[in-house]
Visitor: 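This is the structure, below, for whatever I ask next.
Keep in mind that this is a model prediction, so the values were computed, not measured. Chain letters run A, B, ... following the sequence lines, proteins first and then strands; every chain starts at 1.
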Amino acid sequence: MKIQEVSNVVSGSIPFDELSGGIDLYRTLASGQTYRWRREDGHLFEPPTSLPTPWYETVAEGAVIRVRQEETSLHWQGSRDIEEHVRHMLRLEDNLPNILEQGPTDDIYQEAIEAHRGMRLVVDSLYIGLISFICSTQMHVERIHKMVQTLMREVGTPIKLDGRTYYAFPTPEQLAACSEAELRACGLGYRAPYVRETAQALACDEAPLPSTPHTEYEQLREQLTIYPGVGPKVADCALLFGMGCLEPVPLDRWIQRAIRDHFPSCDRDSYAETSRAIRSYLGPYPGYAQTYLFHHLRTS
DNA sequence: GCCCAGGAAATAT
DNA sequence: ATATTTCATGGG
């Protein structure tokens, strides 16, 4: 790792030969896991056509973070040295081939991992995952992204770097201070009161997020449903993409369709029981298998 | 106009 | 307890 500093911008690169399975930023950041990244030119949902890729950028840990793929490395820039956090957020320590080869032998899964090489899971934070996926109900991936980006721009804290302004994901206090009308103006529709009330519960410490390390996954999922707008599916997404727990298999439309068409033996009469069956079927990293299946089915 | 979208809450049976 | 309806809203 080498770090250079030019006009307040710190940068460095992580060679691909340090990353088992490499990384595809487009598939990682535009696959409906996280909504707080944007592409420098605004075209997040278009695959890059050449190297280096455009910059992908966000604010995390109070710092501007920009990443792009170059020929032989993942290059990053930041308002300070944020390489450790980049490694954490993009799960760069995950051994992708080892994880993916332990999935099921079904054709549909093999097809999915062939088609989307380099897609990693992400870790936002339990809080960001919770708010993002409260916004996700009955909504396209592209529109969820627009909603979250609007929330960041209108409510989040601005940070300037190199003449440009970036915005952090709003804090619970910032969201709790918004009126329902203001949140509706950000395009949230009927989700506005859910976001507001959940943020209020967190901001006033009335219902703090569960302390995660010593609680079982199924218990955590249950505990998260106390927040308005959070059912089992949203809770699963927050735990998987927010907290970084690899057990959850969010049962959305696409996965329910996959169960019906490809894994009918896992179909049960409740979310909790179907979840157990499909998790057991998908192998030791159910969340990874789920995300490849979701992205593959949704985009094909 | 009609239908759909990474569902959850309210209401009816 | 379980099944159906309602909830905004932009885009195809």
Visitor: For nucleotides C/dA8 and B/dT11, find the distance between their P atoms and express it as a whole number of Å.
Guide: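 Here C/dA8 and B/dT11 have their P atoms 13 Å from each other.
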Visitor: Contact class for A/Tyr35 (heavy atom, under 4.0 Å): base, sugar-phosphate, or nothing?
Guide: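 Base: the residue A/Tyr35, judged by heavy atoms under 4.0 Å, touches a nucleobase.
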Visitor: With the side chain counted from C-beta on, respond yes when A/Val10 and A/Ile82 share a heavy-atom pair under 4.5 Å apart, and no when they do not.
Guide: no
Visitor: How far does the P atom of C/dT6 sit from the matching atom of B/dC2, given to the nearest Å?
Guide: 15 Å
Visitor: Side chains of A/Glu70 and A/Leu51: does their closest heavy-atom pair fall under 4.5 Å?
Guide: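 No - every pair of side-chain heavy atoms lies 4.5 Å or more apart.
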Visitor: For the pair A/Ser275 and A/Arg279, evaluate side chain to side chain donor-acceptor pair (under 3.5 Å) and give the outcome as yes or no after the intermediate values.
Guide: CA-CA 6 Å; A/Ser275 168; A/Arg279 277 183 278 136; 2.9 Å; yes
Visitor: Please list, by residue number, the residues of residues 113-144 of chain A whose heavy atoms come closer than 4.0 Å to an atom of DNA chain C; answer none if no residue qualifies.
Guide: A/His140, A/Arg143
Visitor: Where along residues 285-295 of chain A does a heavy atom come under 4.0 Å from DNA chain B, residue by residue in number order?
Guide: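 Under 4.0 Å from DNA chain B: A/Gln290, A/Phe294.
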Visitor: What's the CE-P distance between A/Met147 and B/dG7, to the nearest Å?
Guide: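 My rounded result for the distance is 12 Å.
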Visitor: Base, sugar-phosphate, or nothing: which does A/Leu251 touch, judged by heavy atoms less than 4.0 Å apart?
Guide: nothing
Visitor: Where is the tightest heavy-atom contact between A/Phe133 and A/Val234, given as atom of each residue plus distance?
Guide: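 Closest heavy-atom pair between A/Phe133 and A/Val234: O-CG2, 3.3 Å.
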Visitor: Taking atom C1' of B/dC3 as reference, at what distance in whole Å does atom CZ of A/Arg253 sit?
Guide: 11 Å
Visitor: Which pairs pass salt bridge (Lys or Arg N to Asp or Glu O under 4.0 Å) with one or both residues in residues 121-134 of chain A, sequence neighbours excluded?
Guide: A/Arg36-A/Asp124
Visitor: Which residues satisfy the ring pair (Phe, Tyr, Trp, His ring centres under 6.0 Å) test with A/His43, sequence neighbours excluded?
Guide: none
Visitor: Is there side-chain contact between A/Asn95 and A/Pro97, with heavy atoms separated by less than 4.5 Å?
Guide: yes
Visitor: Only pairs at least two apart or in different chains count here, so list each salt bridge (Lys or Arg N to Asp or Glu O under 4.0 Å) that has a residue in residues 291-300 of chain A.
Guide: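 Listed once each, the pairs are A/Glu142-A/Arg298.
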Visitor: Heavy atoms, side chains only, cut-off 4.5 Å: are A/Phe263 and A/Asp106 in contact?
Guide: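 Result yes, sub-4.5 Å side-chain heavy-atom pair found.
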Visitor: B/dA8 P sits how many Å from A/Glu222 CD, rounded?
Guide: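 From A/Glu222 CD to B/dA8 P: 13 Å.
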Visitor: Does any residue of residues 223-249 of chain A have a heavy atom under 4.0 Å from DNA chain C, and if so, which ones, in number order?
Guide: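 Per residue number, the list is empty: none.
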Visitor: Quick test: give all pairs of protein nitrogen or oxygen and nucleotides 10-13 of chain B nitrogen or oxygen below 3.5 Å, distance rounded to 0.1 Å.
Guide:
none

Visitor: What are the two closest heavy atoms between A/Leu246 and A/Leu240, and how far apart are they?
Guide: CA-CD1, 4.1 Å
Visitor: Could you give all pairs that pass the salt bridge (Lys or Arg N to Asp or Glu O under 4.0 Å) test and reach residues 171-190 of chain A, with sequence neighbours left out?
Guide: A/Glu180-A/Arg184
Visitor: Going by the rule ring pair (Phe, Tyr, Trp, His ring centres under 6.0 Å), which residues pair with A/His116 if we only count those two or more places apart in sequence or in a different chain?
Guide: A/His295, A/His296
Visitor: Partners of A/Gln200 by side chain to side chain contact (heavy atoms under 4.5 Å, CB included), sequence neighbours excluded?
Guide: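 Counting only residues at least two positions away or on another chain, A/Gln200 forms a side chain to side chain contact (heavy atoms under 4.5 Å, CB included) with A/Ala176, A/Arg196, A/Glu197.
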Visitor: Looking at DNA chain B, which of residues 183-194 of chain A put a heavy atom within less than 4.0 Å of it?
Guide: A/Tyr190, A/Tyr194
Visitor: If you count every heavy atom of other residues, nucleotides or ligands that lies below 6.0 Å from A/Asp107 atom CG, does the total exceed 12?
Guide: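 Not more than 12 within 6.0 Å, no.
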Visitor: Going by ring pair (Phe, Tyr, Trp, His ring centres under 6.0 Å), name the residues that satisfy it together with A/Tyr292, two or more places apart in sequence or in a different chain.
Guide: none
Visitor: Can you tell me how far C1' in B/dA5 sits from the matching atom in C/dA3, rounded to whole Å?
Guide: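 About 22 Å, rounded to a whole number of Å.
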Visitor: Of the non-hydrogen atoms in A/Val67 and A/Trp37, which two are nearest, and what is the gap between them?
Guide: CG2-CZ3, 3.8 Å
Visitor: Atom CD of A/Gln256 and atom C1' of B/dG7: how far apart are they, to the nearest Å?
Guide: 10 Å
Visitor: Tell me the interatomic distance from A/Arg257, atom CZ, to B/dC4, atom P, rounded to whole angstroms.
Guide: 10 Å
